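This report concerns only the one structure given below.
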Amino acid sequence: MSYAELAVTTNYSFLRGASHPGDFVEQAAALGYAAIGIADRNSLAGVVRAFTAWEECEAEDRPRLLVGARLVFRDGTPDILAYPRDRAAYGRLCQLISRGKLRAPKGECFLELGDLFDFREGLLLIVIPPAEIGDLKPLLAGLGADAWLAASMLHTGEDRRRLKALMRMARQSKTRLIAVNDALYHHSDQRQLQDIVTCIREHVTLASAGKRLEANAERHLKHPAEMARLFRACPEALEETLRFAECISFTLNELKYNYPHEPVPPRKTADQHLRDLTEAGLRNKYPQGVPNKVRDLVEKELAFIAQRGIAHYFLTVHDIVAYARHPDRNILCQGRGSAANSAVCYALGVTAIDPNNFEGLFERFLNADRKEPPDIDVDFEHERREEVIQHIYERYGHRRAALTATVIRYRSRSAIREVGKVFGLTEDVTGKLADTQWGHHGDGLSEKQVRQAGSDPANAVIARAVHYAGQLTGFPRHLSQHVGGFVLTEDYLDSMVPIGPAAMEKRYFIEWDKDDLDALDIMKVDVLALGMLTCIRKAFDLIHHHGDERFTLASVPKEKAEVYEMLCQADAIGVFQVESRAQMSMLPRLRPEKFYDLVIEVAIVRPGPIQGNMVRPYLKCRKQFLEDRNFVFDYPKPGPQHNQGELKEILHKTFGVPLFQEQAMKIASIAAGFSSKQVNGLRRAMATFRNVGTIGEYRKPFIEGMVKRGYDPKFAEDCFEQIKGFGSYGFPESHAASFSLLVYVSAWIKKFHPAAFAAALLNSQPMGFYAPAEIVRDAREHGVTVHHPDAAWSDWDNTLERDGDRALAVRLGLQQIDGFAEKDADTIMKTRGNGYTDFDDFARRTALSRRAYVTLAEADAFRGFGLDRREGLWAVRRLPDDRPLPLFERLGAPDQGEESIAPLPAMPLSEHVLADYRSIRLSLKAYPTEFLRPGFDAEGFTPCGRTGDLGDGAFARVAGVVLMRQRPGEGKAIFITLSDETGICNVVMWTQQFERFRKEVMGARLLLVEGKVQVSPEKVVHLMAERLVDRSADLRLLSGEMLTAVAPGPRHPRNVRILPPSRDFH
Amino acid sequence: MIAGRANNSLYIAALEERAGRLGLYKGQPLANARAMAPALNVRSADEKQDAALLEGMVEWCDRFSPFVAADPPDGLILDISGAAHLFGGEAAMLNLVTQKIGAQGFAVQAAIAGTIPAARALAKFAALHIAAPGAEAESLKRLPVSALDADEKIIAALRRAGLKTIGQVMARERDELAARFGKAFVAELGILFGHEDRPLNPRRPLPDLMAEQRFAEPIVTGDAIAASLLSLAQSLGDILEQRGLGLRRLEASFFRADGAVRRIELRLGGASRDADRVMRLLQEKLEKLHDPLDPGFGFDLIRLEAMLTERAKAADSDFDSNENARSEIAYLIDQLTARHGEARVLRFVQQDTHIPEAQSVGIPAQDRDFAQQPWTARHRKNDPPLRPLRLFEKPEEIFAALDTPPDGAPAFFRWRRARFDVARAEGPERIAMEWWRKEKPTRDYFRVETKEGQRFWLYRDGLYDAVNLHPRWYLHGVFA
């Protein structure tokens, strides 16, 4: 007895199905099905997951996997299952779903029966009769041949009566009856979860869900024998499932991916064209002649590319990059990824890392595993990436270019919130449970966390909610667009996978995510946005505008010692990647001297190497190397029959410590003797969310493999632990290298053009770790003059000014003013001409809204007109609310007479400073703590900037404004950055103490920290917190106002807080 | 502390002093507060209840002055002109009011002034202050500008200009202020300082739908009471008719000469203003009282008050017999309920659940909100009914034999010592119990017809599986 289930709703029919596609496949195999069909609601989103599970399925006689969709119409037509007979019909099914999606808002699909007829050819259809069967004969007659009528036996009480009716109807309309169980989950144990997702979908609690829930738990995959028993009155319906499955030849293996051909001119092969472009690029890059080293590399690479047939991929990337680079647009971009670090990519301009200057990076690509798809991510300026994206759509058309999807899944926080609601728990309880997690990651709540939230895990309802939240975690919730992964095809993409609109206008994305694409060997190009590129381009523009040459990423002077010296001092605020607390404390230890050191610097301060305990060993060796340049690391060796230098080859650049993903893979394949299939599996286990936990499976073979080849077991174990550390946060060398170039370039700008750097950074906000206040402070500490934003002088952007022959100074732009609109700034810039004579002239000519003037006055931006903040505000208040009609404006006469008024009370400086913070989040007049200093001195506090002077081990009390709070992923420490007028103080607090001082850590704006000073030999200063005191109340001393009760109701934080909030990172 | 909701996020609406000491403040986002103090005890704000509470306070304050108004969300305004001397002068009265309200557990701040805005400002920022008549300006001078009853934006603007006290604002030219903040603001200032007057508007809602009769000579006899009630019902009916309203709830108050008050509440199933009908229902109610109305030395005041009304059509507009029948039934229900009590006169309402015994519940028949709820039955023409006409309150266990696992009906069964041979059966209808309440076995229901033609609704309690070899059988209902 055999059976094929064709009506299967997985959890990719969001909030309807209650099992993963893979679970269905495995269960079908376990039950000995002949075939299993996956048919989600107007979607093919889950089929690749099913396919992957099916390929991994080791059952001897695994069921066939059929791919289809359940068409749900909105014109009253009953649901119809559609299975494509062959590849062409599959394409039509994709087009049908795409059509429905394109006419609906994101996430929905509007179909009518007429649409089905347009794409009917080659589709096998199964009509699912509704609860009230009605007369289906006209529909069945309309569908014609290749249409079946489904019958199910779901224990409704009238199954047999219903079956009889359906048999009669099938006979009369000359269609065949086919058995289905209309499964919503693979096993009856999932029924509870199905009830829960139904409640989430319907926004009801279990108690009030009533008949929206299924009456029983019958909608699972049933054993063929049970199906036979249920259908004993109509065995032919059961046999029909097998015949149906036999009609289908299509499998997902047949999807063949073709690169787009556009970039290749007619009558030229892709390989030839790639060579021509490469040669042209080389002539351009090396006008003096191509160095032999580069020539050799290029030849090897081109041969390799030709052999793998991936020239199209390079051409496609080149095409996109060439568009951005075009002088009309001049969008800065840079490639990264294994294939990006090739000499060919340098010639094509995809990367700016010159293979002639840098050792070792460029063999990577050639050594790449043949199975590995070429991988190039291209970063563009974040403000201009949209232009590139729209160009791609224009060039390839919406039917051939679309973004990849990202599957948004339930994380433990969102799961407990939703499930808690379903169980009728109040938002308060679920909120507490969810809040026990600092970030939004994590897999389910532990009992301890439940207790921490003040709930009793023994409470039955809470225990249940927590249990089912755990089960729901990992369920897909909806599809969203990937940040920038584009799939481009030669054939119509909408014949390969359905495409639908994204929430963002003019964006479209497919139903598959990057894992799905990987599984089907479909290429994608990541078109990503990077704020630092915007910043660098803006800095280049400013430098050029003020008389210097026009730099590019490739033309910035290489390997300047001053740049490395600056970085060794941890003077890195604003510098790409290395400006974080952890990076800044690493710089003086690692002491980068050349480009490759930056590559390591970028890669080493990551959760992967930190968790894998790679940092210390590396630094130890680095220190020895810095002391003795001839230092040679002693690499562990395999048994004598093997190549004694094999590890050295892999690890010589990193002193024997695997820091990069590529190295980990190499160790697995060479030292542990993994097969390429095993290596691939390990790579996937390290890379993707879905496989979290599977990495453990590789432990034994890895260690045994290394031991077998003669390595010390202890060493083998360490190696594996290090590799495991990559688990969630591995960082490949190829990415690190590309990033390092930006580290170097941004550091170079900071060193040699500090004013341009500060202005460009401010103009590219929000980005990076530091708020404008810190960027401005840093610039001033580097001798740059900074001017307050002023309506008389400022543009929207932050600009550079040269007063006489003096150095360039930064003029803060109107964009720094909170709540000021860009279009108002445009008006000011347009009407400014040769300047305004006074405030009245300014107001008359600009004619902005009253609100805009108030905003400017509050920012103290009328000093150019001789009005300070209060005077400005008082003057602005007098302007009429509504503007006169343009006709009358011509008359131009001031409509209000001169007014002579008594002077307003003068504003104390401390209040000005606070007001500056309120409106531009920084003050050039003074630092708030300056006003508190006398009091702080009296209490014996050490200024932040002097903390290190106390010496290692000293006890210190330091008070400052909280700039930043950070708790790295799994770290044991919390980092807090304090600042005052003297500088910054880095505070470290162990997590054990966090609970005691939680209130202070989370709530204080001005914080007093008491603890021990720690000064490392490299002069890195930390304050190890022992006690925290919230001194935020002191800030009120700065305002001369009477303390007033805060009015009720939520208000804009600006009105409540005296200083802008700190920036928090997880 | 209390959390309110605005712009789709939770914030602190009110908090205890203890929470304030933790550094939490009003208006703080809740998530933020939680991060600081995870153990917060949070209740949701209930604006309706707050408003009701304030209304209650208004009534309670009647004892101080007849003119009391609520000043939402949390203020009360008492016009004490001519009342203060009753309490020993303004200062004594202020103390008394503060203390009495405080004794009920409220935090209270109060002040006395010649104008409402001045009093409000003083109460918030200078509690217990009494402004001498005409000297409001002097008292207000030192208050912060936030004490002004003006738009938050104006207050912020004043503060930003360095004018932080009301005194500093008063020192500016009127024209200067008017040019900046509008004439209305200047006018408000005038009112605040008592330069311009605005009459106090007692905002207490008077029970306008009320009829009362006072008796110079207290009445004692039932007849006199009945006559009085009837005439009151008629006058109330007239008022209601003028407004197009009908009664849903009525309160009759009997004020005894010795000060005792007895209140009787009457509910009606449908809106009515028919005096005879109201009268008859009142009589029924009075007769059925557990402790009958005791006139003692007689009632000197009887009052009828409409507590709840709704729109009602004019009485004579309807000749529709259905409508009449409905109103007859409504009257019957009212009568029965008045006589036997709410819990005895029920109507069945359908519930949304799969569980057969929970599919209907009885609720008081007078509750009209449910009157129009239709019963939806899954039933097709020519098909037998799925559910029995009569469902047993408690399923009765039966002995069933020769059922075929896993899901067959029995061949015969014994119920109440009689044997029934099953001739035909249909099923199973499988109904799983609500797993989130208590794990109970899934039931398989069968409709069976015996050889004698009787039809029953049976179920097997639990499925056949490895642990459950002999599930029990029950009879849950009979078809007609």
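Just so you know, these numbers use all the heavy atoms, side chains as well, and skip hydrogens, waters and symmetry mates. A note on names: the letters A, B, ... follow the listed sequences, proteins ahead of strands, and every chain is numbered from 1. These numbers come from a predicted model, not from an experiment.
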Taking only Lys NZ, Arg NE, NH1 and NH2, and the carboxylate oxygens of Asp or Glu, determine whether B:R387 and B:E429 approach each other closer than 4.0 Å.
-> yes
Name all residues meeting the side-chain hydrogen bond (donor to acceptor under 3.5 Å, both in side chains) criterion together with A:R229; count only those two or more places apart in sequence or in a different chain, and write none if there are none.
-> A:E226, B:D407
Tightest non-hydrogen contact, residues B:L158 and B:F185, listed as CD1-CZ, 3.9 Å
Is it the side chain or the backbone of B:I155 that comes within 4.5 Å of chain A heavy atoms, both, or neither?
-> neither
Applying a strict 4.5 Å limit to non-hydrogen atoms, the region of A:E858 in contact with chain B is side chain
For each of B:R443, B:Q168, B:K124, B:R447, tally heavy-atom pairs with chain A at distances under 4.5 Å, and name the one with the top tally.
-> B:R447
Identify which of B:T442, B:I431, B:T353 forms the greatest number of heavy-atom pairs closer than 4.5 Å to chain A.
-> B:T353
Within 6.0 angstrom of B:E173 CD, more than 12 heavy atoms from elsewhere = no
Option that, when pairs with chain B are counted at under 4.5 Å, heavy atom only, ranks first among A:A1004, A:A207, A:A209 | A:A207
So what's closer than 4.5 Å to chain A heavy atoms on B:E426: side chain, backbone, both or neither?
-> both
A:L213, part contacting chain B, at a heavy-atom distance under 4.5 Å = both
Region of A:L873 in contact with chain B, defined by heavy-atom distances below 4.5 Å = side chain
Residues forming a side-chain hydrogen bond (donor to acceptor under 3.5 Å, both in side chains) with A:K222, sequence neighbours excluded = A:E218
Heavy-atom distances under 4.5 Å only: say whether A:F997 touches chain B with side chain, backbone, both or neither.
-> neither
If you look at every heavy atom in A:R191 and A:E214, which pair is closest and at what distance?
-> NH2-O, 4.3 Å
For chain A, find which of B:W436, B:F446, B:W435 contributes the most heavy-atom pairs closer than 4.5 angstrom.
-> B:W435
CG/B:D71 to CZ/B:R120 distance, rounded to the nearest 0.5 angstrom?
-> 4.0 Å
